[in-house]
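Residues: numbered from 1 along the sequence shown. None of these values were measured; they are calculated from a predicted model.
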Amino acid sequence: VKSEDLPQAEGQKVAYRRHRLERKGVPAVVPEGGMPGWTEVLEHLHVSTYGDWDAVARWYWGLVREQLVSDAAIREGVQKALAELPSGADRRAQADAIYRHVIRSTRYVGLEFGIHGYKPYKTTEVYERRFGDCKDKASLLKVMLAEIGVKAHLVLVRTRDQGRIEAKPASLSAFNHAIVYVPEFDLYLDGTAEWSGADELPGGDQGASVLIVEDGKGGRFTQIPFSRPQDNRTEIRETVVLSKSGEAQLGHQMELVGSGASSWRASFQAKDDQREKLTKQLGARIPGARVTEHRFVDIDDPLAPVQLSYEAEVPTWSKQASAGAAFRFRVTGRGSDLARRFAPLASRRHDLELSVPTRETRRVEYRLPRGYDFTRVPESRRLENPYGRFELEVERKEGGAVVQTSFELTKHRVPAADYPAFREFLRQVDAAMEQSFEYEVAQ
């Protein structure tokens, strides 16, 4: 860094100094899918005139405080939200209901002209026109929660895809998003996550660098914690009735909570094409499968888990290598492509971001045709890596078998040095899931 005084007239006191940073021969950076944000990869220059985070937070509070106002329409909206709750609902349930009301009744639209790139519109205007950007919706959440006596703070967010920043220097320019924090419940709420539940903070917010603006008392610079695998879980139960010709009747039940639930709610809002979409989704994994009956429970309620059940016809669940040979099918009837999904590159220069920790469990009960028996069953397996766990249990029963699997990603990031081991772990899981059952007429 080179510093030099700016030119001055004779007798004037030096008021400014220019600093120039030079870098020569900087090597190129080859981008990779799933890499951390640029501030975690490249040397970067971050300059600020603020002395600390308290100063940033106090300035921002001074900018927005007069925008945080309530009126009769907002109070009426609060009562409407609470009216959906059962009698005696506690404060957390009331806060969740307010959040649901905001994401349901307002759309995300950004009109960030001039000062409104930083300053929200008045909350009364946002609620009247029923749209706003992230800071507008966060402000409305804060005001409506205050109406039920729940204190919330505005939170300036640098979403995880931008890369985390260091604690110094303190600056307003680092942030590109806004949400709220509710200290009473240690809860972050994103008003733009219009299909996510109150406990389903989007993955882009988790792990992000944030400044919690404490209503004129300064601010707290921190990182949003990541959720746990059990917070982002999928539980599946299936019954497969096999036939003498390779066909099968599939009964499927699923419950999903956490970060993955929002995409299901968004995709299956239109009831008229739910079955077509389910058939397309299932057919991508099991060719020829057709959903015949289905049922979602409260798919339009972001506070409820995604619950789905369906019946399907599968014409080619089992296959024969030749006429008279035994029928064969994979351990869960589907191929496994975890290595391709999560670790497609042969090697990496940069760390791999894995969104959020997740867990999927599946129980499949197979029922054989009368007079048939298994001649081969898959081996149970148990695999573990610092970044994931996998279990496969296969139990033969009279007239069939039960398969139980559990796959868990326990971390949100894999360092580049550990990537080969992580990829090999996924390949071993794929290999375990590619094992086959075989069945034929009992001798």
Side-chain angles (χ1 to χ4, degrees), residues 30-37 40-41 160-161 202-204 206-207 226-238 252 254-261 263-264 281-287 328-364 376-394 402-437:
V30 180
E32 293 174 338
M35 65 186 285
E40 299 183 56
V41 174
R160 187 154 55 108
D161 63 306
Q206 296 186 35
F226 281 90
S227 52
R228 305 164 299 172
Q230 57 266 37
D231 299 323
N232 306 295
R233 68 184 185 277
T234 305
E235 299 175 359
I236 298 170
R237 296 176 66 88
E238 294 183 321
H252 177 97
M254 180 190 75
E255 180 172 291
L256 170 64
V257 298
S259 63
S263 62
W264 279 81
Q281 184 184 81
L282 179 61
R285 304 305 298 270
I286 309 176
R328 176 182 296 182
F329 62 90
R330 294 186 181 97
V331 64
T332 62
R334 305 157 175 82
S336 181
D337 59 354
L338 295 173
R340 182 185 64 81
R341 285 171 54 199
F342 294 106
L345 300 179
S347 62
R348 294 187 66 91
R349 297 179 179 88
H350 306 292
D351 294 352
L352 171 65
E353 289 281 345
L354 289 174
S355 186
V356 297
T358 58
R359 175 188 296 166
E360 179 181 295
T361 59
R362 186 184 298 264
R363 183 185 188 277
V364 187
R376 176 194 291 180
V377 296
E379 296 180 1
S380 296
R381 298 279 177 84
R382 183 169 296 179
L383 301 167
E384 190 161 353
N385 178 276
Y387 305 96
R389 288 189 286 268
F390 170 75
E391 290 187 20
L392 165 64
E393 294 183 1
V394 182
V402 173
V403 172
Q404 297 191 80
T405 65
S406 175
F407 176 67
E408 186 173 299
L409 290 174
T410 55
K411 302 289 180 63
H412 67 275
R413 179 182 290 193
V414 179
D418 293 345
Y419 178 75
F422 175 68
R423 191 166 189 257
E424 180 58 27
F425 163 71
L426 296 178
R427 288 164 62 97
Q428 291 179 18
V429 174
D430 285 339
M433 295 290 281
E434 289 292 332
Q435 296 183 90
S436 296
F437 282 97

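- Annotation: Arg334, atom CZ; neighbour count of heavy atoms from other residues, nucleotides and ligands within 6.0 Å is above 12.
- Rounded to the nearest 0.5 angstrom, Gln281 CD and Ile286 CD1 are separated by 11.0 Å.
- With a 6.0 Å radius and a threshold of 12 heavy atoms from other residues, nucleotides or ligands, Arg237 has its CZ atom at or below the threshold.
- Between the side chain of Glu32 and the backbone N or O of His350 there is at least one donor-acceptor pair closer than 3.5 Å.
- Side-chain atoms of Pro36 and Glu353, non-hydrogen and from C-beta on, do get closer than 4.5 Å to each other.
- Salt bridge absent: Arg389 and Glu391 never bring a charged side-chain N and a carboxylate O closer than 4.0 Å.
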Indicate every side-chain donor-acceptor pair of residues 336-344 with a distance under 3.5 Å to a residue at least two apart or in another chain.
unit_1	atom_1	unit_2	atom_2	d
Ser336	OG	Asp430	OD1	2.6
Asp337	OD2	Arg340	NH2	2.5

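- Closest approach of Ala432 and Phe390 over heavy atoms only: CB-CE2, 3.8 Å.
- Taken from CG in Leu256 to CD in Glu360, the straight-line distance is 9.5 Å, to the nearest 0.5 Å.
- In this structure, Ser380 contributes its side chain and Val394 its backbone to a donor-acceptor pair below 3.5 Å.
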Subject >> Check against side-chain contact (heavy atoms from CB on, under 4.5 Å), His252 and Ile236 >> reply: CA-CA 7 Å; His252 177 97; Ile236 298 170; 3.5 Å; yes
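- Arg285 contributes a side-chain N or O that, together with a main-chain N or O of Gly335, makes up a donor-acceptor pair within less than 3.5 Å.
- Between Gln435 and Leu392, some side-chain heavy-atom pair lies under the 4.5 Å cut-off.
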**OP:** Start with the C-alpha gap between Arg382 and Glu393, add the side-chain angles, then the distance that decides, and say whether side-chain contact (heavy atoms from CB on, under 4.5 Å) holds.
**Re:** CA-CA 8 Å; Arg382 183 169 296 179; Glu393 294 183 1; 4.1 Å; yes
**OP:** Under the side-chain contact (heavy atoms from CB on, under 4.5 Å) rule, what do Arg376 and Arg328 come out as? Steps first, then yes or no, please.
**Re:** CA-CA 9 Å; Arg376 176 194 291 180; Arg328 176 182 296 182; 4.0 Å; yes
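- Taking both residues in full, the closest heavy atoms of Phe226 and Gly207 are given as CE1-CA, 3.4 Å, listed atom of the first, atom of the second, then distance.
- Between the CG atom of Asp231 and the OG1 atom of Thr358 there is a distance of 11.5 Å, given to the nearest 0.5 Å.
- Scanning both residues, Leu352 and Phe422, for their nearest heavy atoms gives CD2-CE2, 4.0 Å.
- Between the CD atom in Gln404 and the CZ atom in Arg362 there is a gap of 12.5 Å [rounded to 0.5 Å].
- Without hydrogens or angle criteria, Gln206 side chain to Gly203 main chain gives no donor-acceptor distance under 3.5 Å.
- For the residue pair Val356 and Ser259, the shortest heavy atom distance occurs at CG2-OG, 3.1 Å.
- Checking side-chain atoms of Arg423 against main-chain N and O of Leu345 turns up a donor-acceptor pair under 3.5 Å.
- Under a 3.5 Å cut-off, the side chain of Thr410 and the backbone N or O of Tyr387 do form a donor-acceptor pair.
- Between the CD atom in Glu408 and the CZ atom in Arg228 there is a gap of 11.0 Å [rounded to 0.5 Å].
- In this structure a side-chain-to-backbone donor-acceptor pair under 3.5 Å is missing from Arg381 to Met433.
- Scanning all heavy atoms of the two residues, the minimum distance from Phe437 to Arg330 falls at CD1-O, 4.4 Å.
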Original post:
Checking side-chain contact (heavy atoms from CB on, under 4.5 Å) for the pair Arg363/Val402: CA distance, chi angles, key distance, verdict?
Top reply: CA-CA 7 Å; Arg363 183 185 188 277; Val402 173; 3.8 Å; yes
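- Between Lys411 and Pro386, the closest heavy-atom pair is NZ-O, 3.5 Å.
- Between Leu409 and Pro357, every side-chain heavy-atom pair lies at or beyond the 4.5 Å cut-off.
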